[in-house]
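A short write-up of the structure that comes next.
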Number of protein chains: 2
Amino acid sequence: MHAAVLRYFDHVARHGSIRKAADALSVASSAVNRQILRLEDEMGVTLFERGRSGVRPTAAGELLLRHVRETQNEYQRTRAEIASLGGTVSGDVRIISLESMLVRFLPQVVDEMSARHPKVTFTVLAVHPSEIGEALRSGDNDFGVLFVDARHRGVDVIAEFPTSVGALMRPDHPLAGRKSLTLTECVGHPVVMLQDRWLLDAIMAMEFAGSGARLSPRVVSNSIEFMRQVIRSGLGIGFFTPIGFIDEIRRGELVHVPLVEPGLAQSRIGILVPRYRRLSPPARLMINHISERLGAFADFLAAPPRRPKRRGRT
Amino acid sequence: MHAAVLRYFDHVARHGSIRKAADALSVASSAVNRQILRLEDEMGVTLFERGRSGVRPTAAGELLLRHVRETQNEYQRTRAEIASLGGTVSGDVRIISLESMLVRFLPQVVDEMSARHPKVTFTVLAVHPSEIGEALRSGDNDFGVLFVDARHRGVDVIAEFPTSVGALMRPDHPLAGRKSLTLTECVGHPVVMLQDRWLLDAIMAMEFAGSGARLSPRVVSNSIEFMRQVIRSGLGIGFFTPIGFIDEIRRGELVHVPLVEPGLAQSRIGILVPRYRRLSPPARLMINHISERLGAFADFLAAPPRRPKRRGRT
DNA sequence: CGGTGTGCTGCTATTTCGGCATCACCCCGC
DNA sequence: GCGGGGTGATGCCGAAATAGCAGCACACCG
């Protein structure tokens, strides 16, 4: 429905090059070039600065770019809404997430949603904490499953759940019997650490650094899967939210002891949506589903993991 | 830049007929028809119900229509924003207004703005009070200069000014010397009245009706210009905000005595914008200018003509 | 100095689009 | 019943917009 020049313009801006954009679009570069020139003529201003190694949007180009991308996003959302009139929910749901949610939680939720609504597609991306703000505001994503951070602006938290960040260890670890722990109590026990600023949010990094606790990292990695194996081998304690390890905890292979550090106790995982963004029907369904599943986990964690009795939902 | 089918689709919905829309667009009806058919094929749903006497949007059509119109509005706003980068402000400012503002106030403001920014065009419409909500929410208009009414939802009041609704009369009228009046004090004096629900807002109609004051209307009309002449002839008292008669008041040809009826004292004229609407640069300028001029009038009315004082406002 | 990258531009083929005439249908008034 | 005027849909054809190909001019780099 929308003119091809919208896609061309968007791609050129993304690739920073007319030829690369044309390549990605599978059209001749001359076609893309002429559309851009015609567009500039229509607008009466230059939209790209021509450099020796490509093009870069001018101020006017940025403005028009915002309009073009918003139009494309709204078009997709409108199509999904129209399709949902016929009873079948369809469209693409775009989620940005904490890495820890990508390990167990979101795959399961996506699987369930996908079975229930076969025509819905999913795009789930892990984002670097520094890019969260831009990723939410750009309009490219529907919502995020992230740590709630008051520093985010222009973002609404439409559901949040307490997460007990805690020490993850084998059941035969000396500290495994404790009901709760402080970081200082962990001093002396070997720990496994995450790579800086990734996986765990910057808030937690600050808390760990500011607590004054001297933890001796035996293993450092940025792979949660690697960490999982390391902790199961008994090489040390890991500090995580339990969500990525829910299966091991249920099976009794790992024990999660909540930390009672004052700052960490308030950690919350929330569903964050860009303010003023209209959500597509599948996005709304997905949010409902994630909320439900997160609530179930919160219930499970509130009840002692000794007895793996099922709380409520299926 | 945008595909022609957007305009076609919008016009067809507005006119309720493909042929009429094609006529308004100055294209053959077959062209418009084919574009609509192609659009429906692309969407996979019927967008119009074909009736005996034209077409009517289906639910899916309404959804797409909203997207199309929003896209067109945002495009105009974006163009104005790009144009303002070059220093010259341009674009169309769409205002809905009280009729009383159209008589003296807005023409003057438009004239001043038009002189300062020659490339800005203006669309100023008087709207029936019952249509204010829709007119603001439809996205077709930038803002309204209207009585502030708490019943409006989804609308932000970004500036408001007290208006002293009062009795308008010749200087030689028996009541002309008063500092203030109540409606009951006007009983016995002939008055000229406005036609119901028009010009004066519904609030005021309620107030007039509920005050129990029995006023004898000698002349009833819906034309402010006609009222102006009638009052100047001394046929009676009129009840208006002074804005439409500011020239006569300044020249001493008419006197405006504020009413102290409890409900009426709180009347305010405000600049109302649809919530979440991004304003184009000329619209912002126009709002600033109107605010300034309204503030000047408020000052003029607060202090007798001999001593004009300024209240801070830019 | 050629090699590779960039954006731009004639030329030509193809696709799309618009205009005209026409058809089929429906409703209303005579 | 029967035109007349209204509607949207279609076939045909010319015009306009678009895309593809090849090539140009320029800038960088080793």
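Each chain gets a letter, A, B and so on, in the order the sequences are listed, and its residues count up from 1.
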- What is the distance from CG of B/Asp23 to C1' of D/dG6, rounded to the nearest Å? 13 Å
- Task: Find the distance B/Met1:CE to D/dA17:P and express it as a whole number of Å.
- Result: 18 Å
- Is any side-chain N of the basic residue among A/Glu70 and A/Arg66 closer than 4.0 Å to the acidic one's carboxylate O? no
- Query: Does a side-chain N-to-carboxylate-O contact under 4.0 Å join B/Asp156 and B/Arg277?
  - Reply: no
- Item | For atom CG of A/Leu39 and atom C1' of D/dA17, their distance in whole Å | 15 Å
- Task: Mind calculating the distance between CD1 (B/Ile18) and P (D/dG6) to the nearest angstrom?
- Result: 16 Å
- Query: For C/dG18, does either OP1 or OP2 sit under 4.0 Å from a side-chain N or O belonging to B/Gln35?
  - Reply: yes
- Message: Check the orientation of A/His67 and B/His2. Use parallel for under 30°, tilted for 30 to 60°, and perpendicular for over 60°.
- Response: perpendicular
- Look at all strands and tell whether B/Ile36 reaches a base, only sugar-phosphate, or nothing, counting heavy atoms closer than 4.0 Å. nothing
- Do you know which two heavy atoms are closest between B/Leu63 and A/Glu81, and how far apart they sit? CD2-CG, 3.7 Å
- Return yes if the base of C/dC20 and the side-chain atoms of B/Ser30 contain a donor-acceptor N/O pair under 3.5 Å, otherwise no. yes
- Compare side-chain N and O positions of A/Asn33 against OP1 and OP2 of C/dC8 and report whether any pair is under 4.0 Å apart. yes
- Message: Nearest whole Å is fine: how far is D/dA27 P from A/Glu49 CD?
- Response: 17 Å
- Are A/Glu112 and A/Arg116 close enough for a salt bridge, meaning some N to O gap below 4.0 Å? no
- Query: Whole Å only: how far is the CG atom of A/Leu6 from the C1' atom of D/dT18?
  - Reply: 16 Å
- Give one of base, sugar-phosphate or nothing for B/Ser17, where a contact means two heavy atoms less than 4.0 Å apart. sugar-phosphate
- Of the listed D/dG20, D/dA9, C/dT9, the closest approach to the A/Val27 side chain comes from D/dG20
- With sugar-phosphate meaning primed atoms plus P, OP1 and OP2, does B/Phe48 contact a base, only sugar-phosphate, or nothing at under 4.0 Å between heavy atoms? nothing
- Message: Tell me the interatomic distance from B/Leu25, atom CG, to C/dC17, atom P, rounded to whole angstroms.
- Response: 15 Å
- Which sits closer to the 5' end of DNA chain C, B/Arg34 or B/Arg19, going by the nucleotide each is nearest to? B/Arg34
- Considering just the side-chain nitrogens and oxygens of A/Lys20, establish if one lies under 4.0 Å of OP1 or OP2 belonging to C/dG5. no
- Query: What integer distance in Å separates A/Asp41:CG from D/dT18:P?
  - Reply: 13 Å
- Message: So for B/Arg52 and D/dG6, does any side-chain atom that can act as donor or acceptor lie under 3.5 Å from a complementary atom in the base?
- Response: no
